[in-house]
Amino acid sequence: MEVNKFSGKLATKKTPQELIVDAYFAKDQVQTEYDNSIITIEIDKISGRPATEFTPQFARIEKQVLRLSSIRPNAPSWQNPVTSWLEAHAKFLTSLGTIWDQIEASEIIEEDGPENLDLAFRIARLKDDVHNEFTQKNPPILQIISPRNRGVISPGIIEVKDLAKINPVFGNLAFDNHEQIVFCNDKETGLKAIIGIHNTNLGPALGGTRMRVYNNEAEALRDVLRLSRGMSYKAAITGLKLGGGKAVIIGDAKTQKTDALMRKFGEFVHSLGGKYITAEDMGMETRDMDIVREVTPYVTGISESLGGAGNPSPITAYGVFMGMKAAAKYKFGTDNLAGKKVLVQGIGHVGEVIVEMATKEGAEVIISDISIERLEFVSNKYGAKIHHDLDIYDLDMDIYAPCALGATINDNTIDRIRAKVIAGAANNQLLDEIKHGRILKEKGIAYAPDFLINAGGIINVYAEIGKYGKEQIIHQTENIYNTTLDIFKLSDEKQITTYQAAFDIAQARIDARKI
Ligand SMILES: NC(=O)c1ccc[n+]([C@@H]2O[C@H](COP(=O)([O-])OP(=O)(O)OC[C@H]3O[C@@H](n4cnc5c(N)ncnc54)[C@H](O)[C@@H]3O)[C@@H](O)[C@H]2O)c1
């Protein structure tokens with residue numbers, strides 16, 4: 001007769017073939033009981049453990065497991081020694097939550113011997129610990145926030161099972177009608193890059209290439225989408241015949257960047273036929289752009305010897321200074337900064353030049369930076385006052401110029417800021433453009449939108465494409481002064497934030513397809 005070799009009971013349809021053996025019984029000892037050691041239980045596919053009353057339907061799957069117990073499972077004196085034996089022989093188990101089925105079980109039995117049979121036993125004793133009373137009462141909620149006005153687009157609960165339905169590209173919150181997204185892959189050089197082309201209504205999409213390590217591909221995609229969209233608005237508000245684009249190369253710029261990789265990236269850029277024009281961004285240097293230039297003309301930020309426009313930072317600083325003066329005119333009635341206390345946070349490539357210009361105009365400049373050497377160097381050179389503490393927000397100042405990091409205007413700082421004007425080079429200074437923009441307006445702080453006043457760099461690289469010289473670059477950068485004043489005016493007329501005013505003008509230009 002066929003029996004389950006472990007239970008010794010008669011095999012049934014559920015008994016795996018591997019466990020069935022032939023058995024011979026003496027006449028008066030014939031086995032009559034059917035094998036009940038294989039049972040079907042519901043497993044939570046997320047926790048990998050038996051479902052409980054809290055396990056939602058979508059997470060339940062049926063699994064057949066081997067139930068190992070003594071012949072009197074409810075009698076502790078019979079069952080406990082069996083339990084101890086099983087536990088003592090559970091050496092190989094590394095992951096207690098592993099979902100398994102009878103095939104895996106039989107393989108284990110074949111290969112590892114009977115001491116490993118406690119798998120089912122263990123699984124059966126550990127209940128689903130992912131779904132419980134708390135998670136049932138407090139299900140995770142996802143709110144979809146509109147990138148435009150921060151309103152909740154789809155209030156309510158999205159069940160975990162629906163996450164699988166989220167479309168990672170077209171459904172990405174930062175997607176915002178991108179025209180094209182190009183995923184570049186090259187096995188030989190290890191290149192993995194994403195080029196985002198947001199909008200080309202006004203001209204070719206121009207934007208730098210950033211190389212950095214990302215936690216995952218979704219993060220890289222979000223970064224490129226967010227940045228390329230920002231470039232559309234920066235170009236439009238600045239009055240350039242350019243669209244918005246950006247690229248990210250996934251990898252460590254210090255250890256993974258090679259000439260071959262940059263050349264391959266250049267080939268991908270070239271394949272777009274000029275729809276996207278690249279430039280430098282984080283993790284890139286002029287030399288890298290020179291390599292890209294070997295394979296495509298669709299690159300800016302190359303060496304001056306190759307026809308490039310050179311280092312953009314002084315021009316960026318000049319534009320920021322123009323925006324600062326316009327904001328001062330709006331707030332103080334004069335754009336002369338003499339006697340004004342100006343705090344420059346971050347005195348790098350851009351910050352230092354702002355210190356120079358503000359000092360020349362007679363402002364009292366205070367500087368803050370994480371680098372002591374930079375502080376001493378810039379202080380010695382321009383006579384600026386060093387503020388050693390990085391926490392600068394309570395300081396007495398007229399103008400705050402963020403030139404280091406983004407998001408410095410946030411819930412923790414906004415009520416402490418004593419400046420009347422904020423104008424700096426850093427990108428994305430407002431943690432929440434809508435909320436913090438509104439609070440600044442309510443507090444009467446004149447905020448010059450970052451993407452408007454730090455556009456000198458893009459004007460500089462645009463000169464390489466538009467084939468115009470330094471004079472025109474300076475002229476166009478100077479115009480940031482007028483545009484900033486226009487933005488303050490519009491913000492007052494329409495009772496909207498300066499960020500929104502700049503954004504609306506840029507959007508209108510993009511929609512009208514003309515500058
Ligand atoms: N360089 C350009 O043409 C350009 C164009 C547009 C926007 N920006 C933005 O302007 C900002 C400055 O650019 P950059 O080229 O001068 O960069 P940079 O790296 O040369 O300088 C940044 C400086 O900030 C300092 N810093 C870093 N963390 C700080 C902190 N917590 N507090 C105070 N200082 C800190 C650094 O030590 C460094 O001196 C960046 O946010 C950049 O994205 C630059």
Side-chain angles (χ1 to χ4, degrees), residues 206-212 223 226-227 230-231 233-235 237-238 240 242 244 246 248 253 279-286 289 300-301 308-324 342-357 365-379 381-382 384-393 395 397 400-410 412-413 422-431 448-464 473 476-477 480:
L206 185 137
T209 296
R210 170 173 289 194
M211 181 164 185
R212 52 163 285 206
D223 204 26
R226 203 175 49 83
L227 291 165
M231 290 307 291
Y233 293 100
K234 187 181 283 217
I237 193 65
T238 311
L240 301 175
L242 284 179
K246 204 89 183 181
V248 296
E280 280 168 49
D281 196 83
M282 199 189 287
M284 288 290 143
E285 289 160 26
T286 307
M289 295 303 116
T300 58
N311 177 12
S313 301
I315 301 294
T316 301
Y318 186 54
V320 172
F321 194 62
M322 288 297 112
M324 186 185 284
V342 180
L343 183 129
V344 182
Q345 181 186 40
I347 41 166
H349 292 99
V350 179
E352 181 186 338
V353 186
I354 293 174
V355 172
E356 183 184 1
M357 291 191 237
V365 181
I366 310 151
I367 52 177
S368 162
D369 201 290
I370 48 171
S371 158
I372 306 287
E373 296 91 76
R374 287 295 298 161
L375 284 171
E376 282 169 1
F377 173 78
V378 172
S379 172
K381 199 165 169 190
Y382 307 103
K385 200 165 133 199
I386 298 177
H387 183 72
H388 281 288
D389 193 344
L390 289 178
D391 190 350
I392 47 90
Y393 304 98
L395 282 185
M397 60 180 111
Y400 165 41
C403 296
L405 317 158
T408 55
I409 298 151
N410 54 48
N412 297 327
T413 60
I422 298 178
N427 284 311
N428 307 321
Q429 292 164 22
L430 306 179
L431 177 65
D450 47 25
F451 70 98
L452 161 65
I453 71 169
N454 72 11
I458 190 178
I459 294 173
N460 198 56
V461 291
Y462 180 63
E464 287 179 31
I473 295 175
Q476 191 129 16
T477 308
I480 289 177

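Quick caveat, the model's predicted, so the values are computed rather than measured. Ligands are counted one by one from 1 in listed order, and the atoms in each one are counted from 1 as well.
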Undergrad: For N427, what residues pass the side chain to side chain contact (heavy atoms under 4.5 Å, CB included) criterion, not counting sequence neighbours?
TA: K234, N454
Undergrad: From L452 CG over to I237 CD1, what is the distance, rounded to the nearest 0.5 angstrom?
TA: 5.5 Å
Undergrad: Taking everything shown except H349 itself, do over 12 heavy atoms lie less than 6.0 Å from its NE2?
TA: no
Undergrad: Would you mind listing each N/O atom of ligand 1 next to any protein N/O under 3.5 Å, plus the distance?
TA:
residue	atom	partner	partner atom	Å
ligand 1	1 (N)	S313	OG	3.2
ligand 1	3 (O)	T316	OG1	2.7
ligand 1	10 (O)	A425	O	3.3
ligand 1	16 (O)	H349	N	3.1
ligand 1	16 (O)	V350	N	2.8
ligand 1	20 (O)	H349	N	3.0
ligand 1	20 (O)	H349	ND1	2.6
ligand 1	37 (O)	D369	OD1	2.6
ligand 1	39 (O)	D369	OD1	3.4
ligand 1	39 (O)	D369	OD2	2.8
ligand 1	41 (O)	A404	O	3.0
ligand 1	43 (O)	N427	ND2	3.3

Undergrad: I'd like to check the side chain to side chain contact (heavy atoms under 4.5 Å, CB included) partners of L227; sequence neighbours left out, ordered by chain and number.
TA: R210, D223, K246
Undergrad: One thing to verify: whether K381 and E356 come together as a salt bridge, which I'm taking to mean a side-chain N less than 4.0 angstrom from a carboxylate O.
TA: no
Undergrad: Partners of A423 by side chain to side chain contact (heavy atoms under 4.5 Å, CB included), sequence neighbours excluded?
TA: M324, V421, A448, I453
